[in-house]
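What follows is a short report on a single structure.
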Amino acid sequence: MIKSVRFLLLLMIFVSMQIVAWGQPQERLVQVRVTPDHTNWLYKPGEKVKFKVAVLKCNIPQDNLEVRYEISEDMMKPHQTGKQPLKNEKLEINAGTMKKEGFLRCRAFVTCQGREYEGVATVGFSPEKLQPVTSLPADFLEFWKTTKETAEKWALEPIMTLLPERCTDKVNVYHVSFANNDYASRMYGILCVPKASGKYPAILKVPGAGIRSYNGEAERAGKGFIILEIGIHGIPVNMEGDVYHRLYNGALKNYHSFNMDNRDKYYYKRVYTGCVRAIDFIYTLPQFNGKLATFGGSQGGALSIVIAGLDARVKGLVAFYPALCDVAGYAHGRAGGWPHMLKDEKNRTPEKMKTIQYFDVVNFARQVKVPGFYTFGYNDMVCPPTTTYSAYNVINAPKELFVAETTAHYAYAEQWSAAWNWVMNFLKDKPKNE
């Protein structure tokens, strides 16, 4: 009985974490609304910004409340703070300007009935001109060529286990695993394959940060797609939730920083090769027609770009608010990408600064040659817009951008719908020479 209660509690925590990570924020009793005076949220360097603040309780504008506010450049310490009361149900804050491209953020706080509420607005200053601070190592391409070739020496030895309880009338669902880049190193995932005979395009769905089980994409696979959803940690992805909870807070806590001072031992090396091996596995499927796209958000958004830059077999990609972009930004006085390990000056050792160049999404974005769909927002303080734009701007390939200015580290339903429609239409479109 005690174990059942504990499991339910852990499950509730896990579900709530997923809502925060992937869904829209929950409605709150009090809303602090911060809006800029440009309707497109964009300014030219030197233009002054005014933010308007309104507070609503049960959708009714409030008055005579004190607003505490902070003005800062993206992820930097506030350079302007203050407290002012709402008058006539509104407050206007003169936030100054930026002299160069980037993002300026206003955070407003109100205390009501003993609880603090926050509103955020972030505006862009010529974000299309942002360039990364991360440089490309001279041996970047050679390093990854050798790394992939070393991994490919291991026979895939795929294992596919049918999951009857997850199958539908249109799709077979399997728990799968295959070799990665070393002895006994394997990748695991949930594979969904249409039952009807024929050849189908494939989507490699790569995961956001964390450690969890996966359900697969049976419903979408039923529309005529092979979809492989993988985990990155070399453990089965169909175990009980308590296992992942313990790993996340135990052996794999802060996995994203493991061995960061050595490019050959850094945690993401086996992650990146594992994603390439996932493509190797998809190519073994007799139902696969040879056209493949990657799809992911946050850490998965990073991996989606990384794989497209690493492997020419990827024909298209979808990336939501990609992580690991321009991670070294903090060392140059601007925002760095998740997981923000270089925000702490103590971590900026020469070894770590060098290693991260080989894994930063920016340097893979520079290699992307295929069409992509990208989406993110300005209020994201997990994968800051300074960093995502820095990667997006160096992509020299057909690209579609869906900016949802007010979003933080989540996406609206409209973004998800647009992304899935894009990738499905892209994969089903026949090449012009056919």
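A quick note: this is a predicted structure, and the numbers were derived from the prediction, not measured. Note that the numbering runs from 1 along the sequence shown for the chain.
- Note: Thr81 OG1 to Tyr69 OH = 7.5 Å, rounded to the nearest 0.5 Å.
- In this structure, the side chain of Asn363 engages the main chain of Gln357 through a donor-acceptor pair within 3.5 Å.
- No more than 12 heavy atoms of other residues, nucleotides or ligands shown are found within 6.0 angstrom of CG on Asn396.
- Ionic pairing of Asp311 and Arg313 is present here: one or more N-O contacts between side-chain nitrogen and carboxylate oxygen are shorter than 4.0 angstrom.
- Side-chain contact annotation: Thr146 with Glu142, donor-acceptor N/O pair under 3.5 Å present.
- Outside the 6.0 Å centre-distance limit, the rings of Phe225 and Tyr200 are not counted as a close aromatic pair.
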Report task. Kindly indicate, with the supporting measurements, whether the criterion ring pair (Phe, Tyr, Trp, His ring centres under 6.0 Å) is fulfilled by Phe359 and Phe140. Result -> CA-CA 9 Å; Phe359 297 88; Phe140 179 85; 8.8 Å; no

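- A salt bridge between Glu217 and Lys205 is present, with a side-chain N of the basic residue lying under 4.0 Å from a carboxylate O of the acidic one.
- Sparse packing is recorded around NZ of Lys170, with 12 or fewer heavy atoms of other residues, nucleotides or ligands lying under 6.0 Å away.
- Here Glu345 does not pair with Lys343 in a salt bridge; the nearest charged N to carboxylate O distance is not below 4.0 Å.
- Without hydrogens or angle criteria, Glu229 side chain to Gly216 main chain gives a donor-acceptor distance under 3.5 Å.
- Panel note: side chain His175, backbone Pro236; no donor-acceptor pair is recorded below 3.5 Å.
- Salt bridge status for Arg270 with Asp182: absent, with no side-chain N to carboxylate O gap under 4.0 Å.
- Using modelled atom types and a 3.5 Å distance limit, the side chains of Tyr248 and Arg246 yield no donor-acceptor pair.
- Without hydrogens or angle criteria, Gln62 side chain to Ile60 main chain gives a donor-acceptor distance under 3.5 Å.
- One side chain, Tyr330 or His340, offers a donor N or O that lies under 3.5 Å from an acceptor on the other.
- Just one residue in the list Thr407, Thr406, Thr375 forms a side-chain hydrogen bond (donor to acceptor under 3.5 Å, both in side chains) with Tyr412, and that residue is Thr406.
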**Report entry** Derivation of the side chain to side chain donor-acceptor pair (under 3.5 Å) call for Gln131 and Ser390
**Finding:** CA-CA 5 Å; Gln131 291 296 305; Ser390 292; over 6 Å; no

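- At distances below 3.5 Å, not a single donor-acceptor pair connects side-chain atoms of Glu73 with backbone N or O atoms of Arg105.
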Query - side-chain contact (heavy atoms from CB on, under 4.5 Å) assessment of Leu228 paired with Ile203 - result: CA-CA 6 Å; Leu228 173 59; Ile203 299 171; over 6 Å; no

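- Remark: Arg366 does not engage Asp360 in a salt bridge, criterion side-chain N to carboxylate O under 4.0 Å.
- Just one of Tyr268, Tyr358, Tyr272 meets the ring pair (Phe, Tyr, Trp, His ring centres under 6.0 Å) condition when paired with Trp144; it is Tyr272.
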Query raised in the report: Would Thr122 and Asn379 satisfy side chain to side chain donor-acceptor pair (under 3.5 Å), going step by step from the backbone distance to the final call?
Result: CA-CA 6 Å; Thr122 309; Asn379 289 336; 2.8 Å; yes

Report task. Just do the side-chain contact (heavy atoms from CB on, under 4.5 Å) check on Arg220 and Trp420 with the steps written out, would you? Result -> CA-CA 9 Å; Arg220 291 189 173 100; Trp420 278 109; 3.2 Å; yes

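- Side-chain atoms of Arg166 do not come within 3.5 Å of backbone N or O of Val173 as any donor-acceptor pair.
- Side-chain contact annotation: Tyr244 with Asn249, donor-acceptor N/O pair under 3.5 Å absent.
- Side-chain N or O atoms of Asn425 include one that pairs as donor or acceptor with a backbone N or O of Asn421 at under 3.5 Å.
- Under the 30°/60° scheme for interplanar angles, the aromatic rings of Phe320 and Phe295 are found to be tilted.
- Under the 30°/60° scheme for interplanar angles, the aromatic rings of Tyr378 and Tyr389 are found to be tilted.
- Each of Arg33, Arg68, Arg28, Arg107 was compared with Glu118 under the salt bridge (charged side-chain N to carboxylate O under 4.0 Å, His left out) criterion, and only Arg107 meets it.
- Between Phe373 and Trp422, the ring planes are tilted. Angles from 30° to 60° get that label.
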Query - Verdict with supporting geometry, Thr273 and Asn180, side chain to side chain donor-acceptor pair (under 3.5 Å) - result: CA-CA 7 Å; Thr273 59; Asn180 189 358; 2.9 Å; yes

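- Between Ala302 and Ala323 the shortest heavy-atom distance is CB-O, 3.2 Å.
- Ion pairing between Asp74 and Arg334 fails under the 4.0 Å rule for side-chain N and carboxylate O.
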Query - Stepwise ring pair (Phe, Tyr, Trp, His ring centres under 6.0 Å) test for Trp338 and His409 - result: CA-CA 11 Å; Trp338 181 93; His409 201 59; 8.5 Å; no

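- With hydrogens and angles disregarded, no donor-acceptor distance shorter than 3.5 Å links the side chain of Ser417 to the backbone of Ala413.
- Under a 3.5 Å cut-off, the side chain of Gln367 and the backbone N or O of Gly309 do not form any donor-acceptor pair.
- At least one donor-acceptor pair under 3.5 Å links the side chain of Asn393 to the backbone N or O of Leu130.
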Query raised in the report: So Thr387 and Asp326, side chain to side chain donor-acceptor pair (under 3.5 Å) or not? Walk me through it.
Result: CA-CA 6 Å; Thr387 68; Asp326 218 21; over 6 Å; no

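- Side-chain polar atoms of Ser72 and His79 form no donor-acceptor pair below 3.5 angstrom.
- Aromatic ring pairs are classed by plane angle as parallel below 30°, tilted from 30° to 60° and perpendicular above 60°; the pair His233 and Tyr267 is tilted.
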